[in-house]
**Student:** 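My questions all concern the structure below.
Because the structure is predicted, anything quoted here is derived from the model rather than measured. Along the sequence shown, the residues carry numbers beginning at 1.
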Amino acid sequence: MRYSSEHKQQTRERLLASSGALAKRGGFSSTGVAGLMKAVGLTAGAFYNHFPSKDDLFTEVVRRELSNSPLARGNVDRQRLKRLLEQYLSLAHLHNPEGGCPLPPLGVEIARAERPVREEAEHWLVQLHRSWSTALNDPQLAWALISQCVGALVVGRMLANEPVQAQVLEASRALVDKVLDEMD
């Protein structure tokens with residue numbers, strides 16, 4: 001039975017959304033094609049109707065996840081950036097990797113991935129950097145704050161106890177607030 005192009009596109013979208021959540025929860029490389037397809041109710045053989053390879057899927061997952069980040073959407077001013085970072089550096093975000101930023105859970109896998117995946121990540125990080133550079137009027141500070149925020153989530157997720165996780169996030173929020181307040 002042949003499916004319509006609309007059905008194929010809907011299935012592809014479901015596969016992308018599901019793969020993004022699975023990858024952020026348990027890692028992309030550790031999830032096989034069979035597991036990715038099972039999550040959308042299909043067999044592993046159907047995978048290749050949607051993507052030529054698992055690397056191509058990973059490139060698309062990175063594109064989708066990074067392009068949908070509220071931190072990367074459009075230009076932001078300092079006040080909006082401050083509000084977004086308060087949400088970013090929260091226990092709710094820390095405990096919800098599948099619904100949050102893809103950089104903390106997938107950064108190491110992106111770094112080890114083939115060049116197209118890294119180029120896609122770089123494209124969106126450069127867009128994010130441009131937006132923050134404009135808001136902060138300081139390109140170096142923009143890179144430093146991006147790194148600080150992603151790093152705080154990585155470290156927080158490495159820790160076993162929520163009170164210690166909260167300390168890491170509070171320290172990072174305090175640093176970000178101090179830097180942004182000193183700019184006013």
**Student:** One thing to verify: whether E98 and K24 come together as a salt bridge, which I'm taking to mean a side-chain N less than 4.0 angstrom from a carboxylate O.
**Tutor:** no
**Student:** Kindly say whether P163 contributes a backbone atom to a donor-acceptor pair with the side chain of N161 at under 3.5 angstrom?
**Tutor:** no
**Student:** Check whether the side chains of R12 and Q9 place a donor and an acceptor atom closer than 3.5 Å, and report yes or no.
**Tutor:** no
**Student:** Given the rule that I, L, V, M, F, W and Y join up when any side-chain heavy atoms are under 4.5 Å apart, are M158 and L94 in one cluster?
**Tutor:** yes
**Student:** When you compare the side chain of P116 with that of D55, does any pair of heavy atoms fall below 4.5 Å?
**Tutor:** no
**Student:** Answer yes or no: is there a side-chain heavy-atom contact under 4.5 Å between P104 and Y88?
**Tutor:** yes
**Student:** Would you say that R83 contacts Q87 through its side chain, given a criterion of any heavy-atom pair below 4.5 Å between the two side chains?
**Tutor:** no
**Student:** For the side chain of S67 and the backbone of R64, is there at least one donor-acceptor N/O pair under 3.5 Å apart?
**Tutor:** yes
**Student:** Give the C-alpha distance, both sets of side-chain angles, the deciding distance and a yes or no for side-chain contact (heavy atoms from CB on, under 4.5 Å) between L169 and S90.
**Tutor:** CA-CA 7 Å; L169 295 175; S90 69; 5.6 Å; no
**Student:** Can you name the closest pair of heavy atoms from V40 and S18 and give their distance?
**Tutor:** CG1-CB, 3.7 Å
**Student:** Supply the atom-to-atom distance T134 OG1 to L81 CG, rounded to the nearest 0.5 angstrom.
**Tutor:** 11.0 Å
**Student:** Is H129 reaching over with its side chain to a backbone N or O of P139, donor-acceptor style, under 3.5 angstrom?
**Tutor:** yes
**Student:** So, the side chain of S30 versus the backbone of G26: is there a donor-acceptor pair under 3.5 Å, distance only?
**Tutor:** yes
**Student:** Judged by atom type as modelled, is there a donor-acceptor pair below 3.5 Å linking the side chain of R78 to the main-chain atoms of L136?
**Tutor:** no
**Student:** Answer with yes or no whether the hydrophobic clustering places F58 together with L22; edges join I, L, V, M, F, W, Y residues whose side-chain heavy atoms lie under 4.5 Å apart.
**Tutor:** yes
**Student:** When rounded to the nearest 0.5 angstrom, what distance separates OG in S133 from CG in D138?
**Tutor:** 7.5 Å
**Student:** Grab the two heavy atoms, one from L89 and one from S172, that are nearest each other, plus how far apart they are.
**Tutor:** CD1-OG, 3.7 Å
**Student:** Apply side-chain contact (heavy atoms from CB on, under 4.5 Å) to the pair V176 and K82, showing each step before the final yes or no.
**Tutor:** CA-CA 8 Å; V176 168; K82 192 172 183 175; 5.8 Å; no
**Student:** Quick check: is F51 connected to L66 through a chain of hydrophobic side chains (ILVMFWY, heavy atoms under 4.5 Å apart)?
**Tutor:** yes
**Student:** Do L16 and H50 pass the side-chain contact (heavy atoms from CB on, under 4.5 Å) test, and can you show the C-alpha distance, the side-chain angles, and the key distance before you say yes or no?
**Tutor:** CA-CA 10 Å; L16 276 168; H50 302 283; over 6 Å; no
**Student:** If you measure from the Lys or Arg side-chain nitrogens to the Asp or Glu carboxylate oxygens, is any gap between R173 and E86 under 4.0 Å?
**Tutor:** no
**Student:** Is the backbone N or O of F28 less than 3.5 Å from a side-chain atom of K54, with the two atoms forming a donor-acceptor pair by type?
**Tutor:** yes
**Student:** Please say whether more than 12 non-hydrogen atoms of neighbouring residues, nucleotides or ligands are located less than 6.0 Å from CD in E122.
**Tutor:** no
**Student:** Hey, quick one: are L145 and V155 part of the same hydrophobic cluster, counting side-chain heavy atoms closer than 4.5 Å, chains of contacts allowed?
**Tutor:** no
**Student:** Do M183 and W132 share a hydrophobic cluster (ILVMFWY, side-chain heavy atoms under 4.5 Å, transitive)?
**Tutor:** yes
**Student:** Between T59 and D56, do the side chains contain an N or O donor and an N or O acceptor separated by less than 3.5 Å?
**Tutor:** no
**Student:** Measure the shortest side-chain to side-chain distance between P102 and V62 over non-hydrogen atoms and say whether it is less than 4.5 angstrom.
**Tutor:** no
**Student:** Within a 6.0 Å radius of atom CG on D77, are there more than 12 heavy atoms belonging to other residues, nucleotides or ligands?
**Tutor:** yes
**Student:** Please report the C-alpha distance between V168 and Q165 in whole Å, then the side-chain angles of each, then the deciding distance to 0.1 Å, and finally whether the side-chain contact (heavy atoms from CB on, under 4.5 Å) criterion is met.
**Tutor:** CA-CA 5 Å; V168 169; Q165 292 172 328; 5.8 Å; no
**Student:** Check whether any side-chain N or O of H93 sits under 3.5 Å from a backbone N or O of C101 as a donor-acceptor pair, and report yes or no.
**Tutor:** yes
**Student:** Rounded to the nearest 0.5 Å, what separation is found between the CG atom of L125 and the CZ atom of R118?
**Tutor:** 13.0 Å
**Student:** Please round to the nearest 0.5 Å and tell me the distance separating atom CH2 of W124 and atom CD of E65.
**Tutor:** 12.5 Å
**Student:** Atom CG in L159, atom CZ in R157: separation rounded to 0.5 Å?
**Tutor:** 12.0 Å
**Student:** If you round to the nearest 0.5 Å, how far is CD of E182 from CG of L180?
**Tutor:** 9.5 Å
